[in-house]
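What you are looking at is a predicted structure, and each value in this text was computed from that prediction instead of being measured. In what follows, chains carry the letters A, B, and so on, assigned in the order in which the sequence lines appear, proteins first and then strands, with residues in each chain numbered from 1.
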Amino acid sequence: MKVRTRFAPSPTGNVHIGNMRAAIYNWLFARHHGGEFLLRVEDTDRERSTPEAIQTLLDAMEWLKLDVDGAPLYQSTRMEAHLEAAEILLSKGLAYKEDKGGLGQGECVIFKMPGTDASFEDGIKGTLSKAAENMQDFVIVRSNGTPVFHLANVLDDIEQGITHVIRGDDHIENTYRHMALYQALDADVPNFAHLPMLTNAQGKPYSKRDGDAFVGDFREKGFLGDALFNYLVFLGWSPGDDREIMTRDELVDAFTLERCQSSPAQVDLRKLTWMNGEYMLKLSDTEFEATAFSAMEKAGIEADPDYARQVFGLIRERVKTVADIAPMVAYFFTEEFEYNAKAVRKKLQKDGVRETLEKVAEIFKNLETFDEASTDKALHEFIETSGLGFGAVMAPLRIALCGVPSGPELFPMLQILGRDRVLARINRTIELYLSE
RNA sequence: GACCCCUUCGUCUAGAGGCCUAGGACUCCAGGUUUUCAUCCUGGCAACACGGGUUCGAACCCCGUAGGGGUCGCCA
């Protein structure tokens with residue numbers, strides 16, 4: 001039988017990474033088995049399920065490249081089918097009506113648990129079981145006539161032909177109910193696998209208030225979709241060897257439920273950042289340029305493409321996240337850059353620095369050609385003949401040129417900035433900080 | 001409280017009775033490379049929750065304890 005998995009989120013405008021990891025595992029499992037990965041939008045909450053919220057969901061999935069087979073099933077279109085099924089259960093005596101008083105709107109439909117002990121083979125956690133006396137009947141249609149999650153969810157999974165339900169382990173208790181429902185509905189019970197939850201940096205469960213746990217937030221913080229994907233897969237799974245950076249094909253090939261962890265995993269931004277850096281390095285020049293240009297555009301930096309490309313070459317290897325790019329390149333494109341106060345105090349405002357910078361400017365001015373090699377040569381000669389140390393010359397020069405004490409290699413930077421800009425910046429720095 | 005689940009370095013994990021002197025990765029620390037920062041290279045710190053069994057032998061099996069978590073809605 002063909003494997004079919006699904007992702008069944010309710011569109012609320014935000015997708016939590018815990019949910020998204022479940023989606024990723026479903027996708028991986030389906031692809032590994034050559035099966036299908038379906039989407040079901042559980043949009044019965046009309047208040048929150050706006051077109052925008054649905055779009056946010058779709059965007060997140062596209063960003064992580066979770067391609068879906070077939071058209072999404074919108075749960076809101078299935079209400080009649082749900083209610084019809086409830087009627088059948090009622091007529092078979094597998095459900096009953098009762099006024100529990102909850103909504104104050106009369107009777108609701110309650111599913112009758114079979115009264116036998118239940119047990120199933122969880123794809124991740126092994127054998128799970130529960131005694132009959134610990135399972136209670138539950139509502140499947142509210143007294144206002146709307147179907148409850150349990151009914152809708154099971155019916156839709158049957159409708160979509162889902163063979164494997166991979167979901168968070170907060171659903172374990174529901175699974176016993178759902179299994180009973182499948183049986184009452186004369187449907188095949190799918191395989192279940194329950195994923196342990198993801199915890200925040202404090203090792204505590206993400207609460208609804210943890211603002212940094214949404215997929216969109218990671219995108220905004222400058223993480224790459226591929227990197228987040230790779231990282232999320234490894235939160236609770238490993239291939240069993242030492243690989244950690246894996247391509248999609250490799251992941252699809254290696255992914256099995258048996259290798260999933262059954263204990264919770266904590267999200268570590270430092271490791272994600274490291275992994276993202278690895279993915280930034282793997283970007284082709286064209287891809288890097290595209291992301292860099294859009295990052296700069298967002299930051300309001302206008303740039304000549306050819307000049308910008310030279311700059312990118314300099315910073316390429318230093319970038320960990322997309323968000324690093326704009327601040328790192330800003331001073332290449334504007335004279336309005338900020339001077340780091342501490343650096344100015346410690347490296348610039350010292351005896352002899354003014355003279356040094358003036359001398360350097362003089363040397364640069366008289367250079368026949370102004371490029372990486374010539375500036376390198378000239379400055380080395382100057383340092384040698386003047387007896388000044390490298391630090392005494394290079395550090396102030398760097399701050400004069402870009403305002404900060406660290407950055408890309410200096411000589412290529414000189415060439416890219418060009419003589420005019422370099423001289424102007426040195427002069428301005430002297431005026432600003434080194435004139436009596 | 002009841003029921004269920006989980007427990008290897010700070011974190012993600014390898015480990016399915018002898019290969020474990022418990023391996024890898026991130027972080028951190030030290031050294032090297034570098035004008036600086038980052039990269040890179042080398043090295044280092046660091047864990048089987050605890051207590052009982054079973055066994056010639058246990059991180060791996062069993063029991064218990066502790067800690068953590070989930071569920072107990074006419075939410076999903």
Side-chain angles (χ1 to χ4, degrees), chain A residues 8-10 12 19 42-45 48 75 98-110 122 124-126 128-131 133-136 138-150 152-153 167-177 194 196-199 201 203-205 231-245 258-259 261-275 277-278 281 315-320 324 328 343 347 376 379-380 383 388-399 404-411:
Chain A
S10 42
T12 61
N19 271 105
E42 305 211 326
D43 59 344
T44 48
D45 183 339
R48 296 198 292 177
Q75 190 159 71
E98 187 184 305
D99 186 351
K100 291 177 67 180
L103 251 46
Q105 292 184 47
E107 292 182 318
C108 53
V109 181
I110 297 172
D122 187 279
I124 293 171
K125 303 204 182 231
L128 260 25
S129 47
K130 194 146 177 118
E133 63 264 34
N134 293 320
M135 297 184 281
Q136 277 83 48
F138 58 96
V139 175
I140 51 175
V141 180
R142 299 183 189 88
S143 51
N144 67 10
T146 57
V148 169
F149 162 75
H150 303 293
N153 188 269
R167 57 184 4 173
D169 66 4
D170 51 330
H171 279 294
I172 287 179
E173 305 291 328
N174 289 337
T175 297
Y176 297 105
R177 299 186 176 119
H194 291 92
M197 62 191 320
L198 259 28
T199 64
K204 294 289 174 191
Y231 179 73
L232 251 20
V233 173
F234 273 75
L235 234 35
W237 177 87
S238 82
D241 51 44
D242 286 345
R243 289 178 295 173
E244 286 200 296
I245 307 280
E258 295 75 57
R259 295 209 56 85
Q261 210 76 16
S262 57
S263 52
Q266 192 172 325
V267 174
D268 181 3
L269 250 20
R270 288 173 305 191
K271 187 150 190 175
L272 206 211
T273 303
W274 163 77
M275 193 173 272
E278 298 294 308
L281 247 25
I315 60 144
R316 188 78 162 83
E317 292 181 2
R318 323 172 64 87
V319 172
K320 285 266 185 269
D324 291 343
M328 209 178 270
K347 304 279 187 188
D376 189 334
L379 235 39
H380 272 82
I383 286 163
L388 292 164
F390 263 104
V393 178
M394 306 299 266
L397 179 57
R398 175 182 289 283
I399 293 161
V404 288
S406 70
E409 290 183 71
L410 202 45
F411 296 114

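H194(A) comes within 4.0 angstrom of nothing in the nucleic acid, heavy atoms only. In this structure, G106(A) reaches the bases: a heavy-atom distance under 4.0 Å links it to at least one base atom across the strands shown. No contact: M275(A) has no heavy atom under 4.0 Å from any strand. Counting any heavy atom pair closer than 4.0 Å across all strands shown, L128(A) reaches sugar-phosphate atoms only and no base atom.
Between K130(A) and E173(A) there is a salt bridge, with a side-chain nitrogen of the basic residue lying less than 4.0 Å from a carboxylate oxygen of the acidic one.
The same atom, P, is picked in rA49(B) and in rG44(B); the two are 25 Å apart, to the nearest Å.
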So which protein N/O to nucleotides 10-14 of chain B N/O distances come out below 3.5 Å?
{"from": "rC12(B)", "atom 1": "OP1", "to": "Q266(A)", "atom 2": "N", "distance (Å)": "3.0"}
{"from": "rC12(B)", "atom 1": "O2'", "to": "F234(A)", "atom 2": "O", "distance (Å)": "2.9"}
{"from": "rU13(B)", "atom 1": "OP1", "to": "G236(A)", "atom 2": "N", "distance (Å)": "2.6"}
{"from": "rU13(B)", "atom 1": "O3'", "to": "S238(A)", "atom 2": "OG", "distance (Å)": "3.4"}
{"from": "rA14(B)", "atom 1": "OP1", "to": "S238(A)", "atom 2": "OG", "distance (Å)": "3.3"}
{"from": "rA14(B)", "atom 1": "OP2", "to": "Q261(A)", "atom 2": "OE1", "distance (Å)": "3.2"}
{"from": "rA14(B)", "atom 1": "OP2", "to": "Q261(A)", "atom 2": "NE2", "distance (Å)": "3.4"}

Scan nucleotides 62-66 of chain B against the protein and return all N/O pairs shorter than 3.5 Å with their distances rounded to 0.1 Å.
none

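Protein atom CD1 of I110(A) is 12 Å distant from nucleotide atom C1' of rG73(B), rounded to whole Å. Protein atom CE of M135(A) is 19 Å distant from nucleotide atom P of rA2(B), rounded to whole Å. Going from atom CZ of R167(A) over to atom C1' of rG70(B) covers 14 Å, rounded to whole Å. Note: CD (E409(A)) to C1' (rC40(B)) measures 13 Å, nearest angstrom.
Taking K320(A) as the reference, nothing meets the side chain to side chain donor-acceptor pair (under 3.5 Å) condition, with sequence neighbours excluded.
Side-chain atoms of N153(A) and base atoms of rA76(B) include no donor and acceptor less than 3.5 Å apart. No hydrogens or angles were tested; on distance alone, a donor-acceptor pair under 3.5 Å links the side chain of S143(A) to the base of rC74(B).
A donor-acceptor contact under 3.5 angstrom links the side chains of T175(A) and R167(A), judged on distance only.
Residue H171(A) places its side chain closer to rA76(B) than to any other of rU36(B), rC5(B), rA76(B).
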